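Everything numeric in this text was worked out from a predicted model, so none of it was measured.
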Number of protein chains: 2
Amino acid sequence: MQEVTQLRKGAQASATQASLLDKLRKLVLSGEYPPGAPLPELFLAEEFEVSRTPVREALKQLENEGLVEIRPKVGTFVRIPTRREIVELFQLKESLEGLAAGLLAKRGPVPELEILKRNIEESERAERRADTAKYAELVHEFHWTIVQGSDNSKLVEHYGRLMNQLAYHRIVLETVERPARMRASIREHQSVLDALLEKDPVGAELAMRGHVNASSLAASRGADTGSVAGAEKEA
Amino acid sequence: MQEVTQLRKGAQASATQASLLDKLRKLVLSGEYPPGAPLPELFLAEEFEVSRTPVREALKQLENEGLVEIRPKVGTFVRIPTRREIVELFQLKESLEGLAAGLLAKRGPVPELEILKRNIEESERAERRADTAKYAELVHEFHWTIVQGSDNSKLVEHYGRLMNQLAYHRIVLETVERPARMRASIREHQSVLDALLEKDPVGAELAMRGHVNASSLAASRGADTGSVAGAEKEA
DNA sequence: GGGTGACTTCTTGCATGCATCAAAGCTACG
DNA sequence: CGTAGCTTTGATGCATGCAAGAAGTCACCC
C-alpha cells in the first residue's frame, strides 16, 4: 500500500507540510512522545516517509508553539512546562476568556447563545449520568464556543496557542478537577450564560474570570500529581 | 536552572539563524519592505550571503509571527494587517496590559514602581519640551515596564507577539495619537501608578484598561491610512 | 582507583540540485 | 476584438550531501 503512496508522492503536493505538522503536534500533545523525549529529525523523517527538511520545518514550528525545545547541535525534545509556566498560562487563560465573554456579551443575540444553552443542558445530563468523558468534552466545547463567539480572530489565535501549551494539563483538569467540581462548574457556566443573555459585558467577563479562576485553582491543586516521566531533572 | 534555559530560548540558535531572523524582522517592521512587497528566498539569500535554507526557516518564523504571508508555490509577501485585525489586536492589548497591571499591583514594592515614577516625571518634561520622539519612547517603555513587571513570562511572550503585529500602527500612535493626547495620557499613567502604589489590583487593571482603550480609540480613528498596495483582491 | 584527555558517534546546520506548480504572457482561433 | 489554451517563467517544496559541534565513552596516565 505504501507503494501507491510512493508513486503518488508528487500528487499529494502541499498536503505533506500541513498534515505533517498536525501529526507531529498530535503525537506530542497526546503524550505519544512523552515530555523530555528526543525527537531526532532522521527518525521522524523515516517514520513519516519524508526527508529531513519538512520534518525540520515542522519541528521549528512546534518550538515556536512552545511544545518542543530545540537545543542547537544537540537535538529536539518534547518540552516540559514548568509549574510556574502552568500558573502563568492559567492567568492568561482567565484574562483571555474573560475578554471573550465580554466581547460575546456585546454582540447581542447570536447563535452561540443557543449553543451554550444546549451545552449546559447536556452537561447537566452528563453530570447526572456521571459520564465524565462526555462532560469533559462539553466543558471544552463551552469554553471554545465562547472564545470563538468573541468574533475576534486574533484572540482565537492566541487562545489556541495557549491551550496547546496547556493541553497536557487539560488531562489533569479532566481527571482531577472535573469530578469534584462538576456541579459548581455547571452553575458557573449558567451564570456566564445569564450575563450573556442580559448583554452584560462586565458581568459576563467577571463571571467567566471567576469560573476560570476557580477551575484553575482546583487544577493546580490537583496538578501536584505531575512529573509524568522522571525527566524533570535539568542539566 | 530551568529559568536560564527559558531565557536563552530566544537568544540562542547558531548566531547566523537568530541574527538573520532579527534582521529580517527589523526590515519588515521598519517598513523597509513595505506591506505587500514580495520576499523571494533567493533574493534574500544573496542579500544576506547565506543559502536559501536559513532564509526559508526565518520566513516561516515570521509567518508564524504574523508578519509575512507565505502563499504556497507562489511566494512570500509582507503581510497587510486588515483594519479589523488592528481592532482585534487593540482589544487584546487592552486585556493583556490590564492583566499585567493587576499582577504587578499584587507584587508589592518592586523596583518597577520606581522606574514608572521616574518615567512619568521624564514624560512630563518631554511634554513640556514638546519632544514627541522622546515622549513616544517613554510611553513605549512605560507599557513594557508594566508588562514585564507582571512577572509572567508567558504574558510577556504573547504581548510581544501582539506588539510586533501592531508595530506598524505604533507609528500611527506615535504621530497621530500622541501629540493630541499627551496630557491626558500622562494623567492616565499617573492613575495607573497610583493604583499600583496602593497595591490595588482591580484599580490598576481598570486604570490600565481605560488608558489603553482611550489610546486605541484615538489611534484607530487616526489610522485611516490603510490599503497600501493594490494586492488587496479578495476571493 | 580516580581523573583527564582524545575519540567516536550521533545530531543538527547549511548548501545545493531537481521536481513541481502557480501565474503571466503569447498565440491562435472563434 | 475577445477568449481559451498552451508555453514560458519564476518561485517554492523537497531530497540529499557534507561539515561542524556536543555528549558520552574509553583508554591511558598519575
Problem set entry | DNA chain C contacts made by residues 43-59 of chain B, counting heavy atoms under 4.0 Å |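 Residues of residues 43-59 of chain B that come under 4.0 Å of DNA chain C are, in numerical order, B:Val50, B:Ser51, B:Arg52, B:Thr53, B:Pro54.
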Does a side-chain N-to-carboxylate-O contact under 4.0 Å join [X] and [Y]?
{"X": "B:Glu63", "Y": "B:Lys60", "answer": "no"}
{"X": "B:Arg84", "Y": "A:Asp151", "answer": "yes"}
{"X": "A:Glu122", "Y": "A:Arg118", "answer": "no"}

Could you give the [atom1]-to-[atom2] distance, from [X] to [N], as a whole number of Å?
{"X": "B:Leu42", "N": "C:dG17", "atom1": "CG", "atom2": "P", "result": "12 Å"}
{"X": "A:Lys73", "N": "C:dC14", "atom1": "NZ", "atom2": "P", "result": "8 Å"}
{"X": "B:Leu39", "N": "D:dT12", "atom1": "CG", "atom2": "C1'", "result": "14 Å"}

Exercise. Closer to the 5' end of DNA chain D via nearest nucleotide, is it B:Glu41 or A:Val74?
Worked result: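 Going by which nucleotide is closer to the 5' end, it is B:Glu41.
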Exercise. Would you say the side chains of B:Tyr159 and B:Gln148 form a donor-acceptor pair under 3.5 Å?
Worked result: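 No - no donor-acceptor pair under 3.5 Å links their side chains.
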For this session: Please name all residues satisfying side-chain contact (heavy atoms from CB on, under 4.5 Å) with B:Asn119, sequence neighbours left out, ordered by chain then number.
Result: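 B:Ser123, B:Leu138, B:Glu141, B:Phe142.
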Exercise. Any donor-acceptor pair under 3.5 Å linking the side chain of A:Arg161 with the backbone of A:Asn64?
Worked result: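 Indeed, once roles are kept as given, a pair shorter than 3.5 Å links the two residues.
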Problem set entry | Selection from C:dG13, C:dA23, D:dG13 that lies nearest to any side-chain heavy atom of B:Ile70 |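 Ranking C:dG13, C:dA23, D:dG13 by closest atom to the B:Ile70 side chain puts D:dG13 first.
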